[in-house]
Amino acid sequence: MRLSKFSLHTTKETPADAEVVSHQLMLRAGYIRKLGAGLYTWLPIGLRTLQRIETIVREELDRAGALELLMPSVHPAELWQQSGRWQVMGDEMLRFKDRHDNDFAYGPTHEEVICHHVRQDFRSYRQLPVNFYQIQTKFRDERRPRFGVMRSREFIMKDAYSFHLDASDLAREYENMRSAYTRIFDRLGVDYRIVQADSGNIGGSRSEEFHILAGSGEDLLAVSDTGPYAANVEAAVCLPSSSARPAAGAAMELVSTPGQKTCEQVSKFMNVALDAKVKLLVVKGADGGLVGIALRGDHQLNEVKAIKHPLIADPLQLAAPEDVQQAFNCEVGYLGPVNCPIPLIADHAAAALADFVCGANQNDHHLKGVNWGRDCAEPQTADLRMVCEGDASPDGNGSIRFYRGIEGGHIFQLGRKYTEAMDVKVLDESGQSVTLEMGCYGIGITRLAAAVIEQSYDANGIIWPDAIAPFQVIICPIGMDKSDAVRAAAESLYTDLSAAGISVALDDRGNRPGAMFADADLIGIPHRIVIGDKGLAQQQYEYKHRRAEKAEMIPASTAAVVEKLGA
RNA sequence: CGGGGUGUAGCUCAGCUUGGUAGAGCGCUUGCUUCGGGAGCAAGAGGCCGUAGGUUCGAAUCCUAUCACCCCGACCA
């Protein structure tokens, strides 16, 4: 491509409303332009990178045996009403009416539509298993779009859906997709981790996320420092301590703690460590009443775990202060497990404490030297807390460290959640009607482009991995308009590389060298060839890799350039 | 959805407190000189100051409403 004809719009200044590096660089390098909140135009150079990502995804999914199709982005409401998600989805789903006053949604995901297709066309187990995918624009009306295309409202996603006669075949395909994703992320050339995940609203059993590690990532990952364990903190398991609870050593004692309501205040006031204290949260129970959750003072409640507990209401709701006052006859700051008037669940770590400090269920008072089983009932225990850095890894191998990640892919074994609601069945070998097992597998295409940049840039701009660069190599001729030799050499190299099927850009815009180099660095082309009279006099081109400190001279031949590109 | 902030030239912003009819840098056009890390000089083009009301002799500036966008939080197949 000749840059003089490529409509490349780079800028020196960073647009004011870009927070993260990838967003700033994509705007500056002319990859994207904002149309509205969470809405972006992909300019020609940006689209080239996007299409290269799509190509990798297509190649690996095709290789894994998935079939590409294309579903509508506009969905009739009936389908979503049938699955029950018309009500569940809330404002995140963009809804509108057509001229006949019928309800529609712009598809945020396609489980309903693919289920509809499969129930229409699939009759027999002989037609299974099957895995359909599409690469398509989705819309989710995010409450707060941000970080450019990392969290936009309209975005391009690869979504795949597989259907199976039984759970074991679903598990087989899940592994198949998992390795296809591994190949995709390997080919993208990024540092990523596969982490155990919560399946969220979409439901289902097993679920893993593919995260690109980056400090600006929105997700926190708990990763073992020496072992293979990795999980999104939402899903990270906290095991009970292996050592037995110490024996009670102190007598229970009432302490006056006027005005000391938070754990931090009490800890300071009584001069006890935060992790020697038990705090009590009160939430709505599944039966409509109140439930107490006991946590160690330094721990935080994990809401995802909490709502899965049978006694706790989903969604999680903190009890109103008036309701707590009524049940405990004291204020929220002084609650504790001793004489607790409501059902109580203790996190493993809180239940492992002895001689602990807690609220006395009496205003302006706490208790110290409290022991489970002696001063109050042995509690029902559960894993309810957020994992902490330094915790033992649940697989018994190493301890937990935190990383930030950008979710680039997510794979789920959905089971029958949707196929049951949507009535997706075939006849099996014995002529029995069977509800199918379903899996779904997503990759955020547009987000990946930004995520790669978050991991690969420097002060001068983007540094693309070869696999997804918009051009492999850029030719920068110095003084092309003045020197016939330079022009001839640049044109001939450009023609040769193009003919060899190499994706090449020729900067024939007539810019000064500094401007050319600055643009080449900013847009992130991995290889650069500079052609000038000085070098040509020695029969040499100058070669520089985008990551290299210094340029080097190579023989002025197409073969020498091709060799560099392959290296 | 709660809290905070910003809308002035293509971009980044100043001007607003104390009302008097609009500025800078970058970019763009033309010419000359330059030409290995975003060149210099000169001359230009470009803005109903987000929108609608109101106050005033007079509003970018004060008031009200509204819209858009950004940040923090909550939320997130």
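In the text below, chain A, chain B and the rest are named by the order of the sequence lines, each starting its count at 1.
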Rounded distance in Å between the C1' positions of B:A59 and B:G25: 27 Å
Taking the C1' atom of each, how far is B:C67 from B:A52, in whole Å? 10 Å
Considering every strand shown, what is the Watson-Crick or G-U wobble mate of B:C62 when both distances are under 3.5 Å? B:G54
Closest nucleotide among B:G38, B:C26, B:C76 to the A:Glu92 side chain: B:C76
Closest approach to the side chain of A:Glu19, judged atom by atom: which nucleotide of B:G37, B:C71, B:G38 is it? B:C71
Return yes if some donor-acceptor pair links the side-chain N/O of A:Arg153 with the main-chain N/O of A:Pro145 below 3.5 Å, else return no. no
For B:U51 and B:G38, measure between their P atoms and round to the nearest Å. 40 Å
Taking the side chain of A:Lys34 as heavy atoms from C-beta outward, which of B:U12, B:G37, B:C70 is closest to it? B:C70
Pairing check on B:A74: which nucleotide meets the Watson-Crick or G-U wobble criteria with it, both distances under 3.5 Å? none
Using the P atom in both, what is the distance from B:A14 to B:C32, to the nearest Å? 38 Å
For B:G44, the Watson-Crick or wobble partner whose two distances fall under 3.5 Å: B:C28
With both distances under 3.5 angstrom, what nucleotide forms a Watson-Crick or G-U wobble pair with B:G37? none
As its Watson-Crick or G-U partner within any shown strand, both distances under 3.5 Å, B:A68 has B:U6
A:Phe122 atom CZ: more than 12 heavy-atom contacts under 6.0 Å: yes
Any A:Arg512 side-chain N or O less than 4.0 Å from OP1/OP2 of B:A39: yes
At less than 3.5 Å, do the side-chain atoms of A:Arg151 and the base atoms of B:C76 form a donor-acceptor pair? yes
B:C26 to B:G73 separation - C1' atoms, rounded to the nearest Å: 36 Å
Can you identify which nucleotide, out of B:G36, B:U12, B:G27, has its nearest atom closest to the A:Lys12 side chain? B:G27
Side-chain contact check for A:Glu13: nearest option of B:C75, B:G38, B:C26 is B:C26
Would you say the ring centroid of A:Tyr192 lies under 6.0 angstrom from that of A:Phe185? yes
Once hydrogens and angles are ignored, does a donor-acceptor distance under 3.5 Å link the base of B:G38 to the side chain of A:Asp519? yes
Looking only at the side chain of A:Ala37 (C-beta and beyond, no hydrogens), which of the listed nucleotides B:C69, B:G36, B:G73 gets closest? B:C69
